[in-house]
Visitor: 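What follows is a structure written as structure tokens; I'll ask about it next.
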Amino acid sequence: MADPEKGAPATAMEEEVDEDEVEEVEDEEGGGERKELVDKLMKDPQVLAALQTKLRRYLGTPSGYISSLPVSVKRRIKALKKLQLQYTDLEADFYKEVHALEVKYDKMHQGLYEKRRQVVTSEYEPNEEECDFPSDDETDDEKNLSKDMEEKAKIDEKEDKIHDFDENTKGIPEFWLTIFKNVDLLAEMVQDYDEPILKHLTDIQLKFHDEPMGFTLEFYFTENEYFTNKVLTKYYEMKCVPDKDDPFGFEGPEIFKCKGCTIDWKKGKNVTVKTIKKKQKHKSRGAIRTVTKTLQNDSFFNFFNPPPVPEDPNEEMDEDTQALLTADFEIGHYIRERIIPRAVLFYTGEALDDEDFEEEEGEEGEEGDDEEEEDDPDYDPSKDKAAKGQQPPECKQQ
């Protein structure tokens, strides 16, 4: 017979070993489940967004690392910062020279801009050689398509005309208005009642200034029934000096001030204001009177009446004024940097952001695929989704 006393410890040891093995297995299984759960959570956009929000709270928070460094190391860091400040000052000088280079080449550009203005306003008719631009040549397919479109337009008498231009049209009518309508940044500002005025806009010219650094946008108009000005101006002043309070925040020249001009509106033609008539009743006598109030109206021409910038740099602006000026500076910079140099490409739409068109093309392609599948009599959406590992949507009763 086996000795029970000797057998008991052996049994107990076996039980302990079994428990350890079970615990290890459970840990491995639990670890696998936890890893799988973490992987799933990290793929969840909402979870990632929440994590990013929490992590942002710690950005810029001192870790104590720099303050804990030895004094000798801190001294060397100060020396590096002084070198960095010297670099920033050199960078400011670099941008000043870039501005001077812009002014130099702008003088060369002016001749091209003047020729463009003459063509747009029909003062000059380009000859055959000047019109010989390869990318504008029509292919046979395009010519046939154009003829088909002409025939269709003749047949469909109810079809609305896009414009009233024909072969006798002079210059390029509505050149700048079309640009304004093509560019989202400007289209948001242009109201329906602004368009008849902008049809009289014949040119936008750029004038650079050296001291102080800046530029002026000049908008030229033909005689019209709205205002007597021939030219409306918008002046922008720039600074190219690192801020004493934040020198390392310097990123080049920046607009910090702008000034519009007075528009001499003809009587009853000011589109930047609207009048509202209200009836008021006297509290004691009961007499009624009509009061007329003048309010600001949405219009592109508010662009020439920006909010004033405080003369004192330490004076804080309210959020609304700051937002208006920021938007104004962005528009002025965009007209200067993009629209004036590349006006014809904004007129044709070629200079518009390609990203928007790529996204639309992708969406259209996907829609086209769906339409082809739906046109197929044998097409079954539930089978298609099952093949892709998806379940068809359940029918839920409300």
Side-chain angles (χ1 to χ4, degrees), residues 113 116-123 160-165 169-207 215-236 257-280 289-309 320-321 323-325 327-332 334-336 339-340 343 346-347:
Y113 294 155
R116 179 177 70 190
R117 185 196 66 78
Q118 291 175 359
V119 172
V120 169
T121 59
S122 76
E123 291 181 23
D160 294 332
K161 287 186 177 181
I162 299 176
H163 54 70
D164 296 325
F165 311 148
T169 299
K170 295 181 178 180
I172 306 179
E174 303 178 10
F175 180 78
W176 292 99
L177 171 59
T178 303
I179 291 172
F180 278 39
K181 293 168 73 173
N182 282 346
V183 179
D184 289 341
L185 195 63
L186 300 176
E188 292 174 357
M189 302 166 62
V190 177
Q191 309 300 318
D192 291 341
Y193 40 81
D194 290 328
E195 293 190 17
I197 311 175
L198 290 171
K199 287 181 180 180
H200 292 276
L201 178 60
T202 60
D203 198 19
I204 303 177
Q205 295 186 13
L206 170 66
K207 297 291 188 294
F215 61 93
T216 297
L217 301 175
E218 298 178 345
F219 296 73
Y220 287 78
F221 290 83
T222 56
E223 187 173 347
N224 59 80
E225 59 181 296
Y226 299 93
F227 49 72
T228 59
N229 309 67
K230 299 297 184 210
V231 184
L232 299 181
T233 61
K234 187 67 176 289
Y235 167 82
Y236 287 95
K257 187 186 294 185
C258 65
K259 184 180 179 181
C261 67
T262 301
I263 302 178
D264 299 321
W265 294 100
K266 294 181 180 180
K267 187 176 180 180
K269 295 296 184 178
N270 188 348
V271 296
T272 65
V273 296
K274 58 183 176 181
T275 56
I276 298 177
K277 293 183 178 180
K278 289 186 177 182
K279 292 183 178 180
Q280 293 182 342
R289 67 175 182 177
T290 302
V291 179
T292 302
K293 289 187 175 181
T294 302
L295 303 176
Q296 186 174 1
N297 199 26
D298 290 337
S299 170
F300 165 76
F301 292 91
N302 288 323
F303 179 66
F304 299 96
N305 185 29
V309 177
D320 291 341
T321 301
L324 285 171
L325 285 173
D328 189 297
F329 296 166
E330 181 182 358
I331 293 165
Y334 196 84
I335 293 174
R336 166 199 157 171
I339 292 178
I340 291 179
F346 282 99
Y347 176 82

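Keep in mind that what you see is a predicted model, and the values were worked out from it rather than measured.
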Visitor: List for me each residue that meets side-chain contact (heavy atoms from CB on, under 4.5 Å) alongside L324, sequence neighbours excluded, and say none if there are none.
Guide: P307
Visitor: Give me the atom names and distance for the closest heavy-atom approach of Y226 to K269.
Guide: O-CB, 3.6 Å
Visitor: Check side-chain contact (heavy atoms from CB on, under 4.5 Å) between E195 and all other residues, then give those that pass, not counting sequence neighbours.
Guide: L177, K181, V190, D192
Visitor: As an exercise, state the distance from NZ of K230 to CD of E218, rounded to the nearest 0.5 Å.
Guide: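 Answer rounded to 0.5 Å: 15.5 Å.
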Visitor: Quick one, L198 and F301 - any side-chain contact, counting heavy atoms below 4.5 Å?
Guide: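 Side chain of L198 against side chain of F301, heavy atoms only: contact under 4.5 Å found.
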Visitor: Specify the closest pair of heavy atoms between T294 and T275, including all atoms of both residues, with the distance to one decimal.
Guide: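 Closest approach of T294 to T275: OG1-CG2, 4.0 Å.
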Visitor: Excluding sequence neighbours, so at least two apart, what forms side-chain contact (heavy atoms from CB on, under 4.5 Å) with N229?
Guide: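 Expected list: F227, L232, I263, D264.
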Visitor: Stepwise, does the side chain to side chain contact (heavy atoms under 4.5 Å, CB included) test hold for T233 with L217?
Guide: CA-CA 6 Å; T233 61; L217 301 175; over 6 Å; no
Visitor: For K257, check salt bridge (charged side-chain N to carboxylate O under 4.0 Å, His left out) against everything at least two apart and list the hits.
Guide: none
Visitor: Measure the shortest side-chain to side-chain distance between Q205 and Y220 over non-hydrogen atoms and say whether it is less than 4.5 angstrom.
Guide: yes
Visitor: With a 4.5 Å heavy-atom cut-off, do K234 and P306 have their side chains touching?
Guide: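 Answer yes - side chains close enough.
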Visitor: Could you label the plane-to-plane angle of the F180 and F300 rings as parallel, tilted or perpendicular, counting under 30° as parallel and over 60° as perpendicular?
Guide: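 Ring orientation of F180 relative to F300: perpendicular.
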Visitor: With Q191, which residues qualify under side-chain contact (heavy atoms from CB on, under 4.5 Å), at least two apart?
Guide: Y193, D194, D298
Visitor: Atom CD1 in I339, atom CG in L206: separation rounded to 0.5 Å?
Guide: 12.0 Å
Visitor: With rounding to the nearest 0.5 Å, note down the distance linking CZ in F303 to CG in L186.
Guide: 8.0 Å
Visitor: Enumerate the residue pairs fulfilling salt bridge (charged side-chain N to carboxylate O under 4.0 Å, His left out) with a member in residues 196-206, sequence neighbours excluded, ordered by first and then second residue.
Guide: E174-K199
Visitor: Test of understanding: with salt bridge (charged side-chain N to carboxylate O under 4.0 Å, His left out), list the residues that count as partners of E223, not counting sequence neighbours.
Guide: none
Visitor: Measuring from I335:CD1 to L185:CG, what's the distance to the nearest 0.5 Å?
Guide: 8.0 Å
Visitor: With sequence neighbours left out, what residues match K274 under side-chain hydrogen bond (donor to acceptor under 3.5 Å, both in side chains)?
Guide: none
Visitor: The criterion is side-chain hydrogen bond (donor to acceptor under 3.5 Å, both in side chains); which residues satisfy it with Y347, sequence neighbours excluded?
Guide: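 Y347 satisfies side-chain hydrogen bond (donor to acceptor under 3.5 Å, both in side chains) with no other residue.
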Visitor: So, taking the atom named NZ in K170 and the one named OG1 in T121, what distance separates them when rounded to the nearest 0.5 Å?
Guide: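 If I round to the nearest 0.5 Å, the distance is 11.5 Å.
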Visitor: Would a 4.5 Å heavy-atom cut-off, applied to side chains only, mark I179 and I204 as touching?
Guide: no
Visitor: For the NZ atom of K207 and the CZ atom of R336, what is their distance to the nearest 0.5 Å?
Guide: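 K207 atom NZ to R336 atom CZ measures 14.0 Å (nearest 0.5 Å).
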Visitor: Let me see the working for M189 and I331 under side chain to side chain contact (heavy atoms under 4.5 Å, CB included), right down to the final yes or no.
Guide: CA-CA 10 Å; M189 302 166 62; I331 293 165; 3.4 Å; yes
Visitor: Got a sec, which residues hit side-chain hydrogen bond (donor to acceptor under 3.5 Å, both in side chains) with R116, two or more places apart in sequence or on another chain?
Guide: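 For R116, no residue satisfies side-chain hydrogen bond (donor to acceptor under 3.5 Å, both in side chains) once neighbours in sequence are set aside.
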Visitor: Applying side-chain hydrogen bond (donor to acceptor under 3.5 Å, both in side chains), name anything that partners T272, two or more places apart in sequence or on another chain.
Guide: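 In terms of side-chain hydrogen bond (donor to acceptor under 3.5 Å, both in side chains), with neighbours along the sequence ignored, T272 is linked to N270.
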Visitor: For F219, what residues pass the ring pair (Phe, Tyr, Trp, His ring centres under 6.0 Å) criterion, not counting sequence neighbours?
Guide: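 So F219 forms a ring pair (Phe, Tyr, Trp, His ring centres under 6.0 Å) with F304.
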Visitor: For the pair W176 and T202, evaluate side chain to side chain contact (heavy atoms under 4.5 Å, CB included) and give the outcome as yes or no after the intermediate values.
Guide: CA-CA 7 Å; W176 292 99; T202 60; 5.6 Å; no
Visitor: Would you sort out whether C258 and L325 count as a side chain to side chain contact (heavy atoms under 4.5 Å, CB included), showing the intermediate values?
Guide: CA-CA 8 Å; C258 65; L325 285 173; 4.1 Å; yes
